[in-house]
Amino acid sequence: MITGIDHIVIAVHDLDDAIKTYRNLGFTVVEGGRHPVGSYNALIGFQDGSYVEIIAFYEESPNHPWWDLLHKRGGGLVDFCMQTNDIRADYQAFKDQGVEMTDIVDLGRARPDGYYLEWINNKTLGKYQGIIPFIIEDKTPREERLPKETTHENGVTGIEALTLITRDITLPKQIMGSVLDQTPKILQYGDLQANGYSFEVGSHTLEYLTSEDGPIDTLLKNNAPVPFSVEFKTDGESKEFSPEETEGVRLSLV
């Protein structure tokens with residue numbers, strides 16, 4: 001069963017610069033480690049058990065699923081992962097809905113302290129990437145994969161909502177409705193000239209929007225990565241940041 005957002009992925013060109021950026025925004029950022037596929041990351045952990053993965057590349061990796069999203073489509077918020085306690089059952093549920101995916105594979109990375117983390121996950125492909133989540137189940141204890149530091153100067157405690165954009169709004173409605181066994185809530189945003197649906201998953205909200213005009217339409221025409229924005233829960237001051245301030249992410253504290 002899918003239990004909530006595991007993490008969201010922000011792809012950047014320079015990891016050190018991105019770490020400084022997010023620390024200046026009041027987030028506690030910790031070094032993650034290196035993957036054996038050419039990428040390395042930093043993490044922002046939250047009290048609700050979710051986290052942000054800021055990812056960059058330490059060597060050329062054109063076969064990596066996020067390489068082109070960064071180098072050809074602009075990077076920023078590029079993907080999201082959902083936590084499951086039965087990855088094979090949920091994988092099959094997505095497959096039954098026709099979602100194009102890689103096989104489930106064993107992966108891992110070494111933390112800076114030398115501890116080697118292991119998990120199993122997949123990746124979504126083609127038109128489903130960035131719209132339908134990839135899923136993850138841990139082999140080593142999940143708490144070892146999560147950042148231990150979850151207190152932030154800006155008061156953020158977790159992810160409130162992740163908003164994704166698409167031309168075909170019926171696609172995620174059907175797939176996510178079936179996999180989550182949930183009837184979505186209808187959404188209408190006048191300021192964005194957009195409409196769509198939302199799903200509640202654990203303490204998190206997934207929003208799917210479409211539009212034929214306005215900022216969403218512009219991004220879709222420009223082939224931007226389809227995750228649109230993220231809202232974080234905060235005990236501090238509510239704020240909204242522009243993509244220029246956040247390594248390309250539409251980010252708000254609510």
Side-chain angles (χ1 to χ4, degrees), residues 1-9 46 48-52 65 69 77-104 120-138 158-217 219-220 223-233 250 252 254:
M1 182 177 71
I2 291 175
T3 57
I5 295 174
D6 187 87
H7 65 280
I8 61 173
V9 181
F46 303 120
D48 70 352
S50 66
Y51 68 94
V52 173
L69 287 169
L77 187 59
V78 296
D79 216 335
F80 70 112
C81 177
M82 302 201 80
Q83 183 186 357
T84 173
N85 54 24
D86 189 348
I87 192 169
R88 288 174 176 81
D90 288 323
Y91 180 88
Q92 187 62 48
F94 281 119
K95 193 172 183 179
D96 289 345
Q97 290 297 311
V99 178
E100 184 182 357
M101 301 176 290
T102 66
D103 293 335
I104 297 171
I120 50 177
N121 77 311
N122 70 320
K123 287 289 188 291
T124 51
L125 302 171
K127 67 181 181 180
Y128 303 98
Q129 189 280 322
I131 287 289
I132 303 303
F134 64 101
I135 50 179
I136 191 168
E137 186 173 336
D138 290 279
I159 296 173
E160 174 70 23
L162 176 65
T163 301
L164 308 114
I165 58 175
T166 178
R167 286 285 184 218
D168 184 4
I169 198 68
T170 62
L171 186 75
K173 179 188 177 186
Q174 168 62 36
I175 294 170
M176 298 306 293
S178 176
V179 172
L180 298 173
D181 191 23
Q182 189 177 138
T183 301
K185 176 184 175 182
I186 298 173
L187 299 176
Q188 194 83 36
Y189 288 118
D191 56 334
L192 293 174
Q193 303 177 57
N195 61 84
Y197 303 94
S198 69
F199 297 91
E200 303 298 322
V201 192
S203 62
H204 306 129
T205 300
L206 285 183
E207 295 186 342
Y208 290 95
L209 298 179
T210 193
S211 174
E212 295 182 358
D213 203 356
I216 288 176
D217 179 63
L219 287 171
L220 290 170
N223 195 32
V226 290
F228 179 68
S229 65
V230 59
E231 292 183 346
F232 293 107
K233 303 172 187 175
R250 290 168 185 79
S252 58
V254 297

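With rounding to the nearest 0.5 Å, the separation of CD1 in Ile135 from CZ in Arg88 is 10.5 Å. Put simply, OG1 on Thr84 and CG on Asp138 are 11.0 Å apart, with the number rounded to the nearest 0.5 Å. Interatomic distance, His204 NE2 to Phe80 CZ, rounded to the nearest 0.5 Å: 12.0 Å. The CD atom of Glu200 lies 10.5 Å from the CG atom of Leu180; values are rounded to the nearest 0.5 Å. The CG atom of Leu187 sits 6.0 Å away from the CG atom of Leu209 when rounded to the nearest 0.5 Å. With rounding to the nearest 0.5 Å, the separation of CD in Glu212 from CG in Asp217 is 7.5 Å.
In terms of heavy atoms, Val230 sits closest to Ile159 at CG2-CG2, 4.3 Å. Considering all non-hydrogen atoms of both residues, Gln193 and Ser211 come closest at O-OG, 2.7 Å. Between Thr124 and Ile132, the shortest heavy-atom distance links the atoms OG1-O, 3.1 Å. The two atoms that bring Pro65 and Leu69 nearest to each other are O-CD1, 3.7 Å, heavy atoms only. Here the closest non-hydrogen pair linking Ile169 and Asn195 is CD1-O, 4.4 Å. The two residues Ser229 and Leu162 come nearest to each other via the heavy atoms O-CD1, 3.5 Å.
No hydrogens or angles considered: nothing links the side chains of Gln97 and Tyr128 as a donor-acceptor pair under 3.5 Å. Under the 3.5 Å distance criterion, with hydrogens and angles disregarded, no donor-acceptor pair is assigned to the side chains of Thr166 and Asp168.
Between Tyr197 and Ile186 there is a side-chain heavy-atom pair separated by less than 4.5 Å. Within the 4.5 Å cutoff, the side chain of Leu192 has heavy atoms near those of the Pro215 side chain.
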**Q.** Derivation of the side chain to side chain contact (heavy atoms under 4.5 Å, CB included) call for Phe94 and Met176
**A.** CA-CA 8 Å; Phe94 281 119; Met176 298 306 293; 3.8 Å; yes

Q: Report the C-alpha distance between Ile216 and Thr210 in whole Å, list the side-chain angles of each, state the deciding distance to 0.1 Å, and finish with yes or no for side chain to side chain contact (heavy atoms under 4.5 Å, CB included).
A: CA-CA 7 Å; Ile216 288 176; Thr210 193; 5.9 Å; no

Q. Could you go step by step and tell me if Leu164 and Leu206 meet the side chain to side chain contact (heavy atoms under 4.5 Å, CB included) rule?
A. CA-CA 8 Å; Leu164 308 114; Leu206 285 183; 4.3 Å; yes

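Remark: side-chain polar atoms of Asp90 are not paired, donor with acceptor, to backbone N or O of Val179 under 3.5 angstrom. Between the side chain of Gln83 and the backbone N or O of Ser50 there is no donor-acceptor pair closer than 3.5 Å. A distance-only check finds no donor-acceptor pair linking the side chain of Tyr208 to the backbone of Phe199 [under 3.5 Å].
Between Phe134 and His7, the ring planes are perpendicular. Angles over 60° get that label, and only those under 30° would be called parallel.
The pair Asp103-Lys123 does not count as a salt bridge, with every side-chain nitrogen at least 4.0 angstrom from each carboxylate oxygen.
Surrounding CZ of Arg167 are more than 12 heavy atoms belonging to other residues, nucleotides or ligands, all under 6.0 Å away. Annotation: Lys233, atom NZ; neighbour count of heavy atoms from other residues, nucleotides and ligands within 6.0 Å is above 12. Within a 6.0 Å sphere centred on CG of Asp181, heavy atoms belonging to other residues, nucleotides or ligands number 12 at most.
Each of Ile87, Asn85, Asn121, Asp6 was scored for a side-chain contact (heavy atoms from CB on, under 4.5 Å) with Glu137, with one residue passing: Ile87.
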